[in-house]
Number of protein chains: 2
Amino acid sequence: MADEPTTGSPRTLKTVSRAFDVVRALEELDGARVTELANHLDLSKSVVYNYLSTLRAEKFVVKEGDTYQLSLQFLLVGEYVRYQNILYRIGKPEIEELAEKTGEYAHLATEQHGLGVNLYKVSGEKAVGSDYQVNKLQRADYLHFSATGKAILAHLPKERVEWIIDQYGLPGKTEATITTREELFEELETIRDRGYSLNDEEEIKGLQAIGAPVTNRHGRVLGSISVSGPVRRMKQPEYHEQLIESVVNTANVIEVNVNMEESDDDFPTFS
Amino acid sequence: MADEPTTGSPRTLKTVSRAFDVVRALEELDGARVTELANHLDLSKSVVYNYLSTLRAEKFVVKEGDTYQLSLQFLLVGEYVRYQNILYRIGKPEIEELAEKTGEYAHLATEQHGLGVNLYKVSGEKAVGSDYQVNKLQRADYLHFSATGKAILAHLPKERVEWIIDQYGLPGKTEATITTREELFEELETIRDRGYSLNDEEEIKGLQAIGAPVTNRHGRVLGSISVSGPVRRMKQPEYHEQLIESVVNTANVIEVNVNMEESDDDFPTFS
DNA sequence: CTGGGCGTTTGTCAAATACAAACACCTATG
DNA sequence: CATAGGTGTTTGTATTTGACAAACGCCCAG
């Protein structure tokens, strides 16, 4: 209705965007019926019905009785994407070993669209937490308040970090969260200097994490790893040093293996 | 299999379908550039460019240099969908225990759109196979030649089984695969009678699997589990009986727990 | 310096979608 | 048992919106 000037650059297809609005709504509502979705999205029933029918024909949505749900197709495609990721393929067993050795939670993360995504999580023996925490990869989250995130930020080009901050800001999570540019850039330099990152109750009160980046041979950061646990335990001096050693060492092992494999990866895709 | 005349009941949105064509092409090609995709999909460059831009704006695609890839967004949504599935939430730890106890591969599967989807896999100590096999959930596959699939089919309404056969046929995979309706329906009755299913080299030569269904209190089948291993080992009489016992027992435990949690309404399922 | 490859942008017309209203179906309830 | 109000689904139609080809700018190799 309002005359949007035909926005110059990339012409975005509204029909496709709306399809993903439907997907997001189905996620938010944990499945929904036609009318419910129509209200939620401010579209007419018939339009929503057509989107759902199409998504269903594409097998990304299932209908159970009268309610529509996202289908496991997302999981299948998602697992494919994860398996394509070299950091995941190489890092997974190493992270498992790290969790076993330290007994703490271990994480493998990467960056996408300026946010952090966990590729894999394992909990060691000492790690106690809700089943939910361990089993669910939560949504993409800010990079500036996690150990994995800060390790990544520290090795991203400065202009990219600036872009990310412009895009998402630096929202606080606890009293310890870094929320200003200057502080953050200082922190990132410290991280680069000492080779590991620390999340000192900046995300969750009582939780500390130690992270280290994984970069490829060209200096590009592929992602990062971390271990985390209760501050009380994590802060004991000798234990702390030991953990840093383990994390940095594991990151190093992954790095070497990734770079050995990636030499073949520079070829253009065949046919 | 022929195209439907456009005038039909559910009006399907071509723009949305094409967006998913792009997604599938990106999966097939392991990422691609604009021109490559345009050729692959028989669309003009500019059109493909617009689809990619839109998918990127929606964060389901990332651009690395000049090549476009599916993003981890699929994994995040997929993990959400999996976690929504009660069979996964309840079954996962039980399947892990089953794999540990038996030492074999253990699977947790469900049905969607008439095909089988693995929700979870674990490999026990004795199970040796390629890393790939274990780590990757492959695409949705036929139900009629796996132990999990047959256990599911055996407890689906007959008309639904008919629909599935009409839709996908009964393609052979090995010499042992069941490829006729009559044989299959007989087999399904046997499975119902004895309470477990057997895949005797019907999918992969040399591999046997034992499966059992998980149904809810209304008799609707939610999915199934299985263990699998080399025929030589699996066929040893006492071991065989022991495995059946373990599988049926685990399925039962999951069933009880699911039904305790599922106090609410349930709808009959359609595709 | 030049040609051909690429990704991106633009103008235009036809096609594909949004909308509302009608339809069919349920299941509560007076 | 009929009716009212709630679904999901279908249809006709106006027009928004996406498809196309051609042009643009860029980069690299010959």
Side-chain angles (χ1 to χ4, degrees), chain A residues 1-23 25-26 29 31-58 60-69 266-271, chain B residues 3-23 25-26 29 31-58 60-69 264-271:
Chain A
M1 37 185 217
D3 46 343
E4 285 262 343
T6 51
T7 39
S9 300
R11 284 192 201 170
T12 172
L13 307 183
K14 322 208 167 170
T15 310
V16 176
S17 296
R18 252 170 297 208
F20 284 99
D21 288 342
V22 171
V23 168
L26 283 177
L29 301 171
R33 307 175 54 149
V34 177
T35 311
E36 194 181 354
L37 271 177
N39 294 338
H40 190 85
L41 295 168
D42 258 311
L43 291 168
S44 69
K45 273 196 302 176
S46 54
V47 170
V48 170
Y49 178 76
N50 286 338
Y51 278 95
L52 289 170
S53 298
T54 309
L55 288 168
R56 193 149 85 98
E58 299 295 332
F60 281 85
V61 158
V62 286
K63 185 180 175 186
E64 291 191 358
D66 270 343
T67 82
Y68 292 82
Q69 308 264 358
D266 293 335
F267 289 104
T269 36
F270 47 86
S271 65
Chain B
D3 326 5
E4 296 191 34
T6 54
T7 51
S9 305
R11 283 190 202 172
T12 172
L13 306 183
K14 322 209 166 170
T15 310
V16 176
S17 297
R18 251 169 298 204
F20 283 99
D21 289 342
V22 171
V23 168
L26 284 176
L29 302 170
R33 307 175 53 150
V34 178
T35 310
E36 192 183 356
L37 271 177
N39 293 338
H40 190 85
L41 296 168
D42 259 311
L43 290 169
S44 69
K45 273 196 301 176
S46 54
V47 170
V48 170
Y49 178 75
N50 286 338
Y51 278 95
L52 289 170
S53 298
T54 310
L55 287 168
R56 194 148 83 100
E58 299 296 332
F60 281 85
V61 158
V62 287
K63 186 181 176 186
E64 292 191 357
D66 269 343
T67 81
Y68 291 81
Q69 309 263 358
D264 309 323
D265 43 25
D266 236 307
F267 294 89
T269 179
F270 288 65
S271 67

Exercise. Choosing from C/dT8, C/dC19, C/dT12, which nucleotide comes nearest the side chain of A/R11?
Worked result: C/dT12
Exercise. How do A/V16 and A/T35 order along DNA chain D: which one's closest nucleotide is nearer the 5' end?
Worked result: A/T35
Exercise. Say you draw a straight line from CZ of A/R11 to OG1 of B/T54; how long is it, rounded to the nearest 0.5 Å?
Worked result: 11.5 Å
Exercise. A/K14 has an atom NZ; how far is it from atom P of C/dC19, in whole Å?
Worked result: 12 Å
Problem set entry | Side chain of B/K63 (C-beta onward), nearest among D/dT9, D/dA19, C/dG7 | C/dG7
For this session: Whole angstrom is fine here: how far is it from OH in B/Y49 over to P in D/dG18?
Result: 16 Å
Exercise. Are B/S53 and C/dT8 close enough that a side-chain N or O sits under 4.0 Å from OP1 or OP2?
Worked result: no
Problem set entry | Polar pair under 3.5 Å, donor/acceptor by atom type, side chain A/K45, base D/dG8 | yes
For this session: Take atom CG of B/D66 and atom C1' of C/dT8, then tell me their distance rounded to the nearest Å.
Result: 11 Å
Exercise. Which whole-number value in Å describes the distance from A/R33 CZ to C/dT27 P?
Worked result: 11 Å
For this session: Go through C/dT10, D/dT9, C/dT8 for me and flag the one nearest to the A/V34 side chain.
Result: D/dT9
Problem set entry | Approximate separation, where rounding is to 0.5 Å, of A/T35 OG1 and A/H40 NE2 | 14.0 Å
Problem set entry | Whole angstrom value for the distance that separates P of C/dT17 from CG of A/L55 | 13 Å
For this session: Report the distance from atom CG of B/L43 to atom C1' of D/dG18, rounded to the nearest whole Å.
Result: 11 Å
Problem set entry | Out of D/dA19, D/dG8, C/dT9, whichever nucleotide has its closest atom nearest the side chain of A/P10 | C/dT9
Exercise. Atom CG of A/L41 and atom CG of A/L29: how far apart are they, to the nearest 0.5 Å?
Worked result: 8.0 Å
Exercise. Distance from A/T12 atom OG1 to B/R56 atom CZ, nearest 0.5 Å?
Worked result: 11.5 Å
For this session: Answer yes or no: does a side-chain N or O of B/Y51 lie under 4.0 Å from OP1 or OP2 of D/dG18?
Result: no
For this session: Classify the side chain of B/S46 and the base of D/dA21 as holding, or not holding, a donor-acceptor pair under 3.5 Å.
Result: yes
Exercise. With nearest nucleotides of DNA chain C determined for B/N50 and B/L13 from heavy-atom distances, which residue corresponds to the more 5′ nucleotide?
Worked result: B/N50
For this session: Using atom CG of B/N39 as one end and atom P of C/dG5 as the other, report the distance to the nearest whole Å.
Result: 12 Å
Exercise. How long is the span from the CG atom in A/L37 to the CG atom in A/L43, to the nearest 0.5 Å?
Worked result: 9.5 Å
Problem set entry | Residue closer to the 5' end of DNA chain D, B/V47 versus A/E36 (nearest nucleotide) | A/E36
Exercise. Among C/dG7, D/dG8, D/dC20, which nucleotide sits nearest the side chain of B/S44?
Worked result: D/dC20
Exercise. Between the side-chain atoms of A/R18 and the base atoms of D/dG18, is any donor-acceptor pair under 3.5 Å?
Worked result: no
